[in-house]
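See structure below.
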Amino acid sequence: MSETTVPTIPPSKIDVAGDAWILHFPRFGEEGTHFHTYGLLTPYFKGLAEGKLMGTRCVNPGCPVGKGDGELWLPPRADCPDCHRPMVWRAIEDPKGYVYAYTHVVRGGTGLEIPCPYYQIDVKMEGVCTILKSYLMGSGPVRIGDKVRARFRTGAEATHTCLDLYWEPA
C-alpha cells in the first residue's frame with residue numbers, strides 16, 4: 001500500500017436538540033440529505049472532534065456482571081447491556097492498541113468517503129472489553145499484532161462522524 005493521507009471530507013452541518021447532535025449528510029445533493037441523530041452517544045462524537053476518545057462503563061453496584069466496576073466499552077453504549085442502566089463516560093488517555101484483524105479494501109462501495117486502497121482495522125486496546133473498528137493511515141503492509149495509536153480530525157477538519165478517528169502505526 002502506498003502512503004495514505006487523511007481523506008478530505010467536508011464537515012457535516014450540525015443541529016443541536018438538547019444535548020444531542022443531529023447531523024445532515026447531503027450525500028446525494030440537498031434533496032438527498034439524510035438526517036441522523038447521535039442521541040445519548042453524542043459525547044463520543046464531540047470527543048472525537050476535540051481529539052479525545054471517549055468510552056463508557058457501568059457503575060451500577062446492582063449490575064450482575066460489572067457490580068459497580070464495569071469494563072470500558074468502545075464503541076460506547078448508552079446503557080449497560082447487562083443491567084440496562086445508564087453508563088458513565090470516561091476519556092481514554094493516550095489511546096493505543098494493536099491490530100486485532102484487518103481487511104485491505106481495494107475498491108469501496110458507493111458513498112465510501114475514504115480513498116482506496118486503505119486498511120480497515122479492528123483495534124484491541126488494553127482495559128477495553130470490546131474491539132473498535134476504524135481505519136489505518138500510513139504505509140503497509142499491515143500484520144495482526146502491529147501496534148497503533150489513535151489520531152483525530154479536529155477543528156475545521158472534523159467531519160463529526162466516526163471518520164474523525166483514525167489510527168497510525170505506533
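- The side-chain heavy atoms of D146 and P169, taken from C-beta on, include no pair separated by under 4.5 Å.
- More than 12 heavy atoms of other residues, nucleotides or ligands sit less than 6.0 Å from atom CZ of R77.
- Each of L74, V148, L165, V99 was scored for a side-chain contact (heavy atoms from CB on, under 4.5 Å) with V123, with one residue passing: V148.
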* Asked: Between W73 and M87, is a side-chain contact (heavy atoms from CB on, under 4.5 Å) present by the stated rule, with each step listed?
  -> CA-CA 9 Å; W73 287 69; M87 302 271 260; 3.4 Å; yes
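- We find the OH-OG1 distance between Y118 and T103 to be 8.5 Å, quoted to the nearest 0.5 Å.
- Shown here is D82, whose CG atom has more than 12 heavy atoms of other residues, nucleotides or ligands within 6.0 Å.
- In this structure, CZ in F45 is found 11.0 Å from CD1 in I14, a value given to the nearest 0.5 Å.
- Considering every non-hydrogen atom in both C58 and C83, the closest pair reads SG-SG, 3.7 Å.
- Taken to the nearest 0.5 Å, the NZ atom of K133 stands 11.5 Å off from the SG atom of C162.
- Within a 6.0 Å sphere centred on NZ of K96, heavy atoms belonging to other residues, nucleotides or ligands number 12 at most.
- Atom-to-atom distance recorded for Y166:OH and R153:CZ is 8.0 Å, nearest 0.5 angstrom.
- What you find for L40 and A78 is that their closest heavy atoms are CB-CB, 3.7 Å.
- Applying the under-4.5 Å side-chain rule to Ile, Leu, Val, Met, Phe, Trp and Tyr, the cluster around Y100 extends to Y98, I131.
- Legend: residues meeting salt bridge (Lys or Arg N to Asp or Glu O under 4.0 Å) with D15, ordered by chain and number and at least two apart, are K13.
- A salt bridge links R57 with D69: the closest approach of a Lys/Arg side-chain nitrogen to an acidic carboxylate oxygen falls below 4.0 angstrom.
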* **Derivation and outcome, side-chain contact (heavy atoms from CB on, under 4.5 Å), residues V142 and L136** => CA-CA 9 Å; V142 174; L136 182 69; 3.2 Å; yes
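- Pairing each heavy atom of M54 with each of Y44, the nearest pair is O-CD1, 3.2 Å.
- With values rounded to the nearest 0.5 angstrom, D122 atom CG is found 11.0 Å from T130 atom OG1.
- In this structure, OG1 on T42 lies 12.0 Å from NE2 on H160, to the nearest 0.5 angstrom.
- Ring pair Y38/W21 is tilted by interplanar angle, where 30° to 60° counts as tilted.
- Counting heavy-atom neighbours within 6.0 Å of E168 CD, excluding the residue itself, gives a total above 12.
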